[in-house]
Undergrad: 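I have a structure I would like to understand better, so I am pasting it below and will then ask my questions one at a time.
Heads up: numbering here begins at 1 and tracks the sequence. Keep in mind that this is a model prediction, so the values were computed, not measured.
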Amino acid sequence: ALSKKLKLPLGPLEAEAMAVEVGVQFANDMGITEVMVEGDSLIMQRALNDLATPPSSVDAVIEGIKDSCADFHHIVFSHVRRQGNNPAHLLAKYAYGIDDCSVWIEESPCFIKQALIHDVMSF
């Protein structure tokens with residue numbers, strides 16, 4: 001898991017695009033080859049799956065994300081409703097209280113464990 005403070009004034013769409021970019025780069029850095037990126041922005045999901053033209057404010061970021069995906073064996077971009085994205089929401093909220101970045105490898109941050117259990121149980 002990763003939580004990173006973005007030190008730019010961004011709108012929701014731009015913040016989601018930057019979060020996907022950071023997440024994809026993190027997965028690449030970790031050597032992960034099969035990735036599922038979930039987000040609650042239908043605009044992002046459609047643009048990343050080449051189903052719609054991205055808004056100009058995120059076009060360059062989306063193209064960069066797509067270029068970064070070349071190293072993955074398999075990557076899926078899927079849309080989840082906001083209610084189904086609680087662990088990501090909690091990680092984003094956590095970023096408000098840190099200076100730069102927090103990373104958890106082979107463990108889950110204690111503050112999202114209950115949300116992760118809820119996500120698994122709802123399948």
Undergrad: With rounding to the nearest 0.5 Å, note down the distance linking CD in E21 to CE in M18.
TA: 5.0 Å
Undergrad: Following the transitive rule for hydrophobic clusters with a side-chain heavy-atom cut-off under 4.5 Å over Ile, Leu, Val, Met, Phe, Trp and Tyr, establish whether Y96 and V103 coincide in one cluster.
TA: no
Undergrad: So for atom CG, which belongs to D99, do other residues, nucleotides or ligands contribute more than 12 heavy atoms lying within a distance under 6.0 Å?
TA: no
Undergrad: With distance as the sole test, does D71 use its side chain to make a donor-acceptor pair with the main-chain N or O of N28 at under 3.5 Å?
TA: no
Undergrad: Measure the shortest side-chain to side-chain distance between V80 and Q45 over non-hydrogen atoms and say whether it is less than 4.5 angstrom.
TA: no
Undergrad: Measure the spacing between CD of E63 and CG of D67 and express it to the nearest 0.5 Å.
TA: 6.5 Å
Undergrad: Are side-chain heavy atoms of L2 and L91 found at a separation under 4.5 Å?
TA: no
Undergrad: Could you state the interatomic distance from OG1 (T53) to CD1 (I43), rounded to the nearest 0.5 Å?
TA: 12.0 Å
Undergrad: Do V37 and L13 share a hydrophobic cluster (ILVMFWY, side-chain heavy atoms under 4.5 Å, transitive)?
TA: yes
Undergrad: Can M44 and V20 be said to form a side-chain contact (heavy atoms from CB on, under 4.5 Å), step by step?
TA: CA-CA 9 Å; M44 284 292 299; V20 171; 4.3 Å; yes
Undergrad: Is there a path of hydrophobic side-chain contacts, each under 4.5 Å between heavy atoms of I/L/V/M/F/W/Y residues, joining V61 to L8?
TA: yes
Undergrad: So do the side chains of K66 and D50 get within less than 4.5 Å of each other, counting heavy atoms only?
TA: yes
Undergrad: When clusters are formed by joining ILVMFWY residues with side-chain heavy atoms under 4.5 Å apart, either directly or through shared neighbours, do I117 and F111 land in the same one?
TA: no
Undergrad: Checking K5 side chain against I98 main chain: does a donor-acceptor pair fall under 3.5 Å?
TA: yes
Undergrad: With rounding to the nearest 0.5 Å, note down the distance linking CG in L90 to NZ in K113.
TA: 14.0 Å
Undergrad: Of all the heavy-atom pairs spanning I62 and A47, show the shortest one and how long it is.
TA: CD1-CB, 3.5 Å
Undergrad: S68 and V24: which non-hydrogen atoms are nearest, and at how many Å?
TA: CB-CG1, 3.8 Å
Undergrad: Looking at E16 and G39, what are the two nearest heavy atoms and their distance?
TA: OE2-CA, 3.2 Å
Undergrad: What verdict does the side-chain contact (heavy atoms from CB on, under 4.5 Å) test give for F77 and C69, after you've listed the backbone C-alpha separation in whole Å, the side-chain angles of each residue and the deciding distance to 0.1 Å?
TA: CA-CA 11 Å; F77 297 103; C69 293; 3.7 Å; yes
Undergrad: To the closest 0.5 Å, what do you measure between NE2 (H79) and CG (D40)?
TA: 6.0 Å
Undergrad: Kindly compute the distance separating CE (M36) from NE2 (H74), expressed to the nearest 0.5 Å.
TA: 7.0 Å
Undergrad: Answer yes if I112 and F26 sit in the same cluster of Ile, Leu, Val, Met, Phe, Trp and Tyr residues linked by side chain heavy atoms under 4.5 Å apart, and no otherwise.
TA: no
Undergrad: Contact between P109 and Y94 at the side-chain level, heavy atoms closer than 4.5 Å - yes or no?
TA: no
Undergrad: Please report the shortest heavy-atom distance between A15 and L6, naming the atom on each side.
TA: O-CD1, 4.2 Å
Undergrad: Does Q114 CD have over 12 foreign heavy atoms under 6.0 Å away?
TA: no
